[in-house]
Amino acid sequence: MMKRRTVLSGALVSGLALLSAGGLAWAQAPAPYEPNQEMIDAAKKEGTVVWYTATDVQVSEKVGNAFEAKYPGIKVQVERSGSERVFQRISQEYGSGIHKADVIETSDAVHFLLFKRQGWLQPAVPSDVAKSWPAQVKDPDGQFAAYRAHLSVIGYNTQQVKKEEAPKSHADLLDPKWRNRIVKAHPGYSGTIMTGTHALSEALGWDYFEKLGKQRVMQVQSSTEPPKKLAQGERSVMADGNEYNMFMLKESGVPVEIVYATEGTPIAIGHAGLLKNAPHPNAAKLFYAFLFSRDTQQLISDVGGLRSFHPEVKEKEGRTPLSKIKILYSDPAKLEPQIEEIKKKYEVNFGT
């Protein structure tokens, strides 16, 4: 199992050296911290922690419930939305001097380059991050770290599509037989899909999206939605969507199957950070450390199918390790100036 974990971390790290390329001035990170009784008592007096997150609501609420069970008297207010909506919300609030959120997490690494540049993050380094996270997946200034990673995969409903007929590549989705049968998420809403769109446009070119747009695709917003459309039988195939939602559905007996495309599968890194003007600073710091603890990281792997950097986390049997998947990476520093152009190009083919 340790060999698998080493391979997993190595595969993720190879795509994340990019964060130091964001053009930001680095400084020394603060000393690592562990929650202590004084912090816990102060957090209980505050009574609440507000978490803006892009992780699927079933997973994020289980994390919140686990925190409430460990620290009775502190309520977790989970505010879940797609990454782009989370980004827009915090930008609007901070731009107006409104400070509601304590901890923020999205699946778009570009967001954290921007949050840092705006001075919205409070440096904080939980001890688990300091001890176990590779340097390439945590901010050198201690302002954010990789809370999770997941893939954006192709998938299909096994009751509607036979295994031998299922698509094996992105190119296969262009076959006329899939017209009116595909569901797809939107990069203007989902950070996962923005990252994936960038990676695929570099690997396959925009011609791919132009052709896919002619397949009469069902357009949804969040990357959590295509797997659910498959599960409900509303569409037979998904062009993209969260791997972790597919894990949850499949392992609960829903007739869906994951496809790791031959051309490669995009990966999205979800970072988390502590907000500088957190209204519940002690509860925020306590919750932030909790997110990176072994128990929480094991929970998001088991329940959510997310990929973790914690060396003690063990993946469920039956899940394909990253070492056997061709991964497509997206460089956040390169993606950042292209975001609006990508949205415009995408909407020409798929609508808003």
Side-chain angles (χ1 to χ4, degrees), residues 52-57 60 79-95 101 104-115 117-118 148 150-155 170 173 182-230 234-235 237-245 265-271 328-352:
Y52 286 10
T53 177
T55 299
D56 185 83
V57 67
S60 52
E79 297 284 343
R80 194 273 157 192
S81 191
S83 287
E84 295 306 307
R85 292 291 173 87
V86 172
F87 172 73
Q88 290 167 10
R89 181 173 179 179
I90 202 69
S91 297
Q92 290 167 357
E93 289 179 357
Y94 265 62
I104 191 165
E105 178 268 330
T106 83
S107 59
D108 191 336
V110 169
H111 294 163
F112 284 82
L113 298 179
L114 296 170
F115 294 154
R117 197 152 56 227
Q118 292 291 335
R148 61 179 170 104
H150 64 274
L151 304 180
S152 177
V153 298
I154 294 172
H170 298 288
L173 296 176
I182 299 173
V183 60
K184 189 182 184 312
H186 198 297
Y189 181 86
S190 167
T192 297
I193 304 304
M194 174 59 74
T195 299
T197 301
H198 180 238
L200 285 172
S201 67
E202 291 204 322
L204 306 178
W206 277 101
D207 285 351
Y208 166 72
F209 289 103
E210 290 174 10
K211 293 173 183 176
L212 186 62
K214 296 175 182 177
Q215 290 287 67
R216 298 175 186 170
V217 171
M218 174 190 279
Q219 180 68 71
V220 294
Q221 294 182 326
S222 172
S223 59
T224 66
E225 293 181 58
K228 295 169 187 176
K229 295 298 183 182
L230 288 191
E234 292 187 41
R235 283 294 186 271
V237 174
M238 69 180 200
D240 53 29
N242 283 336
E243 177 193 42
Y244 67 84
N245 288 102
T265 298
I267 191 166
I269 310 299
H271 289 85
L328 297 177
Y329 294 97
S330 172
D331 181 340
K334 188 175 180 181
L335 168 59
E336 183 181 356
Q338 299 183 43
I339 288 176
E340 291 307 315
E341 182 184 359
I342 288 172
K343 288 179 183 178
K344 288 177 183 177
K345 284 185 175 181
Y346 184 87
E347 290 173 359
V348 166
N349 298 296
F350 297 93
T352 56

Please report the C-alpha distance between Ile193 and His186 in whole Å, then the side-chain angles of each, then the deciding distance to 0.1 Å, and finally whether the side chain to side chain contact (heavy atoms under 4.5 Å, CB included) criterion is met. CA-CA 6 Å; Ile193 304 304; His186 198 297; 5.8 Å; no

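- Met194 places none of its side-chain heavy atoms less than 4.5 Å from the side chain of Ser223.
- In this structure, the side chains of Ser83 and Ser190 stay at 4.5 Å or more apart for every pair of heavy atoms.
- Results of the side chain to side chain contact (heavy atoms under 4.5 Å, CB included) test with Glu243 over Ile267, Thr192, Val153, Thr265 single out Val153 as the only residue that passes.
- Proximity of Met218 to Lys229: side-chain heavy atoms (C-beta onward) are separated by under 4.5 Å at one or more points.
- Residues in residues 190-205 take part in these salt bridge (charged side-chain N to carboxylate O under 4.0 Å, His left out) pairs, two or more places apart or across chains: Glu202-Lys334.
- Ring geometry, Phe112 versus Phe115: the interplanar angle exceeds 60°, so the pair is classed perpendicular (tilted spans 30 to 60°).
- Between Gln92 and Phe87 there is no side-chain heavy-atom pair separated by less than 4.5 Å.
- Taking both residues in full, the closest heavy atoms of Ala333 and Pro337 are given as O-CD, 3.3 Å, listed atom of the first, atom of the second, then distance.
- When all heavy atoms of Leu173 and Ile182 are compared, the pair lying nearest together is O-CD1, 3.5 Å.
- Contact annotation: the side chain of Tyr244 approaches that of Arg148 to within less than 4.5 Å [non-hydrogen atoms, C-beta and beyond].
- The two residues Gly155 and Leu230 have their closest heavy-atom pair at C-CD1, 3.6 Å.
- Ion pair Glu340/Lys343 flagged as a salt bridge, since at least one NZ, NE, NH1 or NH2 atom sits closer than 4.0 Å to an Asp/Glu carboxylate oxygen.
- Note that the CG atom of Leu328 and the CG atom of Leu151 stand 10.0 Å from one another [nearest 0.5 Å].
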Check against side chain to side chain contact (heavy atoms under 4.5 Å, CB included), Val217 and Val183: CA-CA 6 Å; Val217 171; Val183 60; 5.8 Å; no

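- Taking NE2 of His170 as the start and CD1 of Ile154 as the end, the distance is 4.5 Å to the nearest 0.5 Å.
- To the nearest 0.5 Å, atoms CG (Asn242) and NZ (Lys228) are separated by 9.0 Å.
- Proximity of Tyr189 to Arg85: side-chain heavy atoms (C-beta onward) are separated by under 4.5 Å at one or more points.
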Going through the checks in order, is the side chain to side chain contact (heavy atoms under 4.5 Å, CB included) test met by Leu200 and Phe209? CA-CA 9 Å; Leu200 285 172; Phe209 289 103; 3.8 Å; yes

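- With a 4.5 Å cut-off on side-chain heavy atoms, Leu212 and Asn349 do not count as touching.
- With hydrogens and angles disregarded, no donor-acceptor distance shorter than 3.5 Å links the side chain of Glu105 to the backbone of Tyr52.
- Salt-bridge formation is not detected for the pair Lys345/Glu210: no Lys NZ or Arg NE/NH1/NH2 atom is positioned less than 4.0 Å from an Asp or Glu carboxylate oxygen.
- When all heavy atoms are compared, the tightest approach of Pro187 to Thr197 is CB-OG1, 3.8 Å.
- Evaluation of the salt bridge (charged side-chain N to carboxylate O under 4.0 Å, His left out) rule for Glu79 yields Arg89 as partners, not counting sequence neighbours.
- Taking every heavy atom of both residues into account, Glu84 and Gly188 meet most closely at CB-O, 3.4 Å.
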Between Val110 and Ile339, does a side chain to side chain contact (heavy atoms under 4.5 Å, CB included) hold up when you go through it step by step? CA-CA 10 Å; Val110 169; Ile339 288 176; 3.8 Å; yes

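- For the pair Pro226 and Lys184, the tightest heavy-atom approach, listed with the atom from each and the gap, is CG-C, 4.1 Å.
- To the nearest 0.5 Å, the span separating OG1 on Thr55 from NE2 on His150 amounts to 8.0 Å.
- Residues Ile342 and Trp206 have side chains in contact (heavy-atom distance under 4.5 Å, counting atoms from C-beta outward).
- Gln219 places a side-chain N or O within 3.5 Å of a backbone atom of Ala185 that can act as its donor or acceptor partner.
- Of the inter-residue distances, the one linking Asp108 atom CG with Leu335 atom CG reads 6.0 Å to the nearest 0.5 angstrom.
- From Lys344, atom NZ reaches atom CD of Gln338 across 13.5 Å, with rounding to the nearest 0.5 Å.
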